[in-house]
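Note that the structure is predicted; figures quoted are calculated from it, not measured. In listed order, ligands and their atoms are each counted from 1.
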Amino acid sequence: MKPKIHLIVGARPNFIKADPVYRSLNQLNKFELKLVNTGQHYDQNMSNIFIQELRMKQPDINLEVGSDLHGAQTGKILSLYEKVLIKDKPNMVIVFGDVNSTIACSLAAAKLGIPIAHVESGLRSFDWKMPEEINRVLTDRLSTFLFTTSPEAKDNLINEGISDKKIHFVGNTMIDSLIEFQDKFEKSKIRENLDIHGDYALITLHRPSNVDDGDNLKKLINSIQNTSKIIPCIFPIHPRTKKKLQSAKLYNELLNNKRIKLIDPMGYIDFMCLQMNARIVLTDSGGIQEETTFFGVSCITVRENTERPITISNGTNKLIGAEYEKIPQEIEATIKNKRDTHSIPTLWDGNSAGRISKILELYFFD
Ligand code: UD1
Ligand code: UDP
């Protein structure tokens, strides 16, 4: 009987990180693989569109948890997934990133003694106000295989007392997807479809620290309005942010600005086309800091800290903190300069999932 492995997806970035690992393990033809979708994200453009565009197979198991408070959402996944584990008895669970689905499924597996592999291990913002930091640290503590994307992740894990035998520097599976689909990004017609000619800023914002507080949100939107006087903006809007803007009565104000294209969350191919061709990106996303680093596109991150410091040391990323009023001048200064130099971090080479599957093959068959 082939060893059975579950791969956990749920939130938008999980699909992008998991797909290369699934494909690489599948190619070995030595494992029974099951894709488990928690349903943390559920709108077509936050979930299914990624399954379709990445040509993933439909999930084998759908938990359909939907949105809720953190404790309730994490608890629901924990309890539903525990039942699945007891029935299906996988030999390993692979989790990705730092979302609630990651920690919830890890906890369920750990309590049943099932080994966990964590992809994108060891990143630390050292900011315990971020739900993701809690998820990362706890998931790493529970994992048997810790697959890291950058060298400093290992130092973080060693400092927390994790044995270096568990840590494997494999590179970045999100960049595996980028490299795999790059020719599709180049062929996307999204700029013509959106009637975009020339330079633009691409904006994504969804961190609770930026969008959940009414005052912060107001200041941020004011800055985006001012930024649009400098450069046209494209703003694919995360559902969390859309809801907050609507309840703060700021949504229509943005919609009325002809220099800002306020659009639904986008599929991967079109979004990546917009990202690689942007003059500048303004974001609070984790993954987009990495993708802009790979593309060499200037990135301004609206956060006080980043768990991805390599995007600053090697890449084109700059933290601006919560000083929202500085955003327009920072953007103006950046786009007046020559494009930033950058170097692609080590092992962000498209083969990270291959390295992961080799390590797991050795574990199960050596
Ligand atoms: C989650 C992750 C965050 C990640 C982000 C990626 C946690 C703690 N947070 O944040 O780390 O960067 O996903 O996008 O896991 N909603 C919809 N439709 C959907 C999904 C969400 O309308 O398909 C709305 C709901 O009102 C929901 C809110 O967005 O309450 C937030 O969703 P949630 O999954 O709790 O957190 P994200 O902000 O998406
Ligand atoms: N992304 C996308 N469409 C969008 C916004 C983001 O395909 O409208 C992709 C983005 O390129 C990256 C991933 O989603 O690959 C990042 O997701 P997000 O910013 O939601 O999460 P984070 O990385 O902050 O956890």
May I ask you to identify the nearest protein heavy atom to [atom], giving residue, atom name and distance to one decimal place in Å?
atom                    : result
atom 18 (N) of ligand 1 : Asp43 OD2, 2.9 Å
atom 21 (O) of ligand 2 : Pro13 CG, 3.5 Å
atom 1 (N) of ligand 2  : Phe271 CD2, 3.6 Å
atom 3 (C) of ligand 1  : Glu132 OE2, 3.2 Å
atom 37 (P) of ligand 1 : His238 CE1, 3.8 Å
atom 5 (C) of ligand 1  : His206 NE2, 3.6 Å
atom 7 (O) of ligand 2  : Phe50 CE2, 3.3 Å
atom 19 (C) of ligand 1 : Tyr42 CZ, 3.5 Å
atom 10 (C) of ligand 2 : Glu291 OE1, 3.4 Å
atom 26 (O) of ligand 1 : Lys243 NZ, 3.0 Å
atom 23 (O) of ligand 2 : Gly287 N, 2.7 Å
atom 27 (C) of ligand 1 : Ser67 OG, 3.2 Å
atom 2 (C) of ligand 1  : Val99 CG1, 3.7 Å

### Pair Phe96 + Phe147: ring centers closer than 6.0 Å
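That pair fails the under 6.0 Å test.
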### Query
Ring centres of Tyr268 and Phe185 under 6.0 Å apart?
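Centroid distance Tyr268-Phe185: below 6.0 Å, so yes.
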### Message
Taking 4.0 Å as the limit for heavy-atom contacts, which would you say applies to Pro13 with ligand 1: side chain only, backbone only, both, or neither?
### Response
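For Pro13, only side-chain atoms sit under 4.0 Å from ligand 1.
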Atoms of ligand 2 close to [X] [distance to a heavy atom under 4.0 angstrom, numbered from 1]:
X      : result
Met272 : 11 (O)
Pro265 : 8 (O)
His206 : 18 (P), 19 (O), 20 (O), 21 (O), 24 (O)
Met266 : 2 (C), 3 (N), 4 (C), 7 (O), 8 (O)
Gln275 : 11 (O)

Going by an N to O cut-off under 4.0 Å, is there a salt bridge joining [X] and [Y]?
X      : Y      : answer
Arg136 : Glu133 : yes
Asp19  : Arg23  : yes
Arg308 : Glu120 : yes
Asp43  : Lys242 : no
Arg207 : Glu132 : yes

### Stepwise side chain to side chain contact (heavy atoms under 4.5 Å, CB included) test for Ile61 and Tyr81
CA-CA 10 Å; Ile61 298 163; Tyr81 188 49; over 6 Å; no
### Query
On the ring face of Phe364, is Lys30 found with NZ or CZ under 6.0 Å from the centre and within 45° of the axis?
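Here Lys30 fails the 6.0 Å and 45° test against Phe364.
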Checking [X] side chain against [Y] main chain: does a donor-acceptor pair fall under 3.5 Å?
X      : Y      : value
Asn91  : Pro3   : no
Asn26  : Tyr22  : no
Ser47  : Gly39  : no
Ser298 : Ile280 : no

### Query
Heavy-atom contacts under 4.0 Å between Met174 and ligand 2: side chain, backbone, both, or neither?
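Side chain only; the backbone of Met174 stays clear of ligand 2.
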### Query
What part of His41, side chain from CB on, backbone N/CA/C/O, both or neither, has a heavy atom under 4.0 Å from ligand 2?
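The answer is neither; His41 stays 4.0 Å or more away.
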### Task
Would you name the heavy atoms of Pro236 and Asp264 that are closest together and state the gap between them?
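Shortest heavy-atom contact: CB-O, 3.7 Å.
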### Query
How far apart are the C-alpha atoms of Met46 and Phe15, what are their side-chain angles, what is the distance that settles it, and do they pass the side chain to side chain contact (heavy atoms under 4.5 Å, CB included) test?
CA-CA 10 Å; Met46 295 296 289; Phe15 297 96; over 6 Å; no
Among [options], which one puts a heavy atom closest to [atom]?
atom                    : options                       : answer
atom 28 (C) of ligand 1 : Arg207, Glu133, His70, Arg240 : Arg240
atom 13 (O) of ligand 1 : His41, Arg136, Arg12          : His41
atom 16 (C) of ligand 2 : Ser177, Ser285, Pro236, Ala11 : Ser285

### Query
Given Lys219 and Asp213, is the salt bridge (Lys or Arg N to Asp or Glu O under 4.0 Å) satisfied, shown in steps?
CA-CA 10 Å; Lys219 284 188 210 147; Asp213 177 279; over 6 Å; no
### Task
Using non-hydrogen atoms of the residue, decide whether Lys242 is closer than 4.0 angstrom to ligand 1.
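Lys242: no contact with ligand 1 (<4.0 Å).
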### Exceeds 12 heavy-atom contacts within 6.0 angstrom, atom NZ of Lys4
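It does: Lys4 NZ has more than 12 such atoms within range.
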### Which of the ligand 1 atoms, numbered from 1, are nearer than 4.0 Å to a heavy atom of Met46
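With Met46 as reference, the close atoms of ligand 1 come out as 23 (O).
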Close N or O approach ([X], ligand 2; < 3.5 Å):
X      : answer
Asp284 : no
Arg207 : yes
Ile16  : no
Arg12  : yes
Gly286 : yes

### Query
Regarding Gln40 and Asn100, is there a side-chain donor-to-acceptor distance under 3.5 Å anywhere?
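Short answer, no.
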